[in-house]
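Below: the structure, in structure tokens.
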Amino acid sequence: MNLSACSGGTGRRKKSVARVNLFLGSGNIKINGLELNEYLKSRILQMMVKQPLEIFDVLTKFDVVCSVSGGGLSGQAGAIRHGIARALNSLDEEKYHHDLKIHGFLTRDPRMKERKKYGLKAARKRPQFSKR
């Protein structure tokens, strides 16, 4: 793996934050020091992480090294995908921006957990109603 960074990006989803670095390489993806299939056991999440690289057929041209924290595995996979897309975009905006934008990889998913409100048991759950 070539340690001269080509490009970097930060991705976020829900409570997860991923710091992603792209290097010229052979397609290795490391997350928190582990291989992709060791960190994310689900094939769907693995596919989700690889999507930005697959649409340009550069999966075997770059190595991805990222550190991710917070949230669950699904949120982390979304954050990594967002970070990879931003790193590709910063690498060559003319080449990658249009297709990344069309596929929705550059848009930060704004859905977050709703806060608990006072007088309620949860964000929207109300106490049981009784007439008497």
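Note: hydrogens, waters and symmetry copies are ignored here, and every other heavy atom, side chains too, is used.
The OG atom of S69 sits 7.5 Å away from atom CD of Q76, with the distance rounded to the nearest 0.5 Å. Between the CG atom in L45 and the CD1 atom in I80 there is a gap of 9.0 Å [rounded to 0.5 Å]. Within the model, atoms CD of Q51 and CE of M47 stand 5.5 Å from one another, a figure rounded to the nearest 0.5 Å. In this structure, the separation between CG on D92 and SG on C6 is 11.5 Å, given to the nearest 0.5 Å. Between the OG1 atom of T60 and the CG atom of N28 there is a distance of 11.0 Å, given to the nearest 0.5 Å. Between the CG atom of L91 and the CD1 atom of I84 there is a distance of 13.0 Å, given to the nearest 0.5 Å.
With sequence neighbours left out, the side-chain contact (heavy atoms from CB on, under 4.5 Å) criterion links A87 to S7, L22. Applying the salt bridge (Lys or Arg N to Asp or Glu O under 4.0 Å) rule to E35 yields the partners K30; only residues at least two apart in sequence or on another chain are considered. Residues forming a salt bridge (Lys or Arg N to Asp or Glu O under 4.0 Å) with E114 (at least two apart in sequence, or on another chain): K117, R124.
At distances below 3.5 Å, at least one donor-acceptor pair connects side-chain atoms of K116 with backbone N or O atoms of L120. Q46 places a side-chain N or O within 3.5 Å of a backbone atom of L40 that can act as its donor or acceptor partner.
R86 places none of its side-chain heavy atoms less than 4.5 Å from the side chain of V20. Contact annotation: the side chain of L36 approaches that of K50 to within less than 4.5 Å [non-hydrogen atoms, C-beta and beyond]. Considering only heavy atoms from C-beta on, L100 comes within 4.5 Å of I55 through its side chain.
Applying the salt bridge (Lys or Arg N to Asp or Glu O under 4.0 Å) rule to pairs touching residues 104-113 yields R13-D109, D109-R111, sequence neighbours excluded. For residues 69-88, no pair satisfies ring-ring contact (aromatic ring centres under 6.0 Å, His included), with sequence neighbours left out. Each ring-ring contact (aromatic ring centres under 6.0 Å, His included) pair with one or both residues in residues 85-106, not counting sequence neighbours, appears once here: F56-Y96, H103-F105.
The environment of CD1 in I44 is sparse: at most 12 heavy-atom neighbours from other residues, nucleotides or ligands sit within 6.0 Å.
Here the shortest heavy-atom pairing between G72 and S16 reads O-OG, 4.0 Å.
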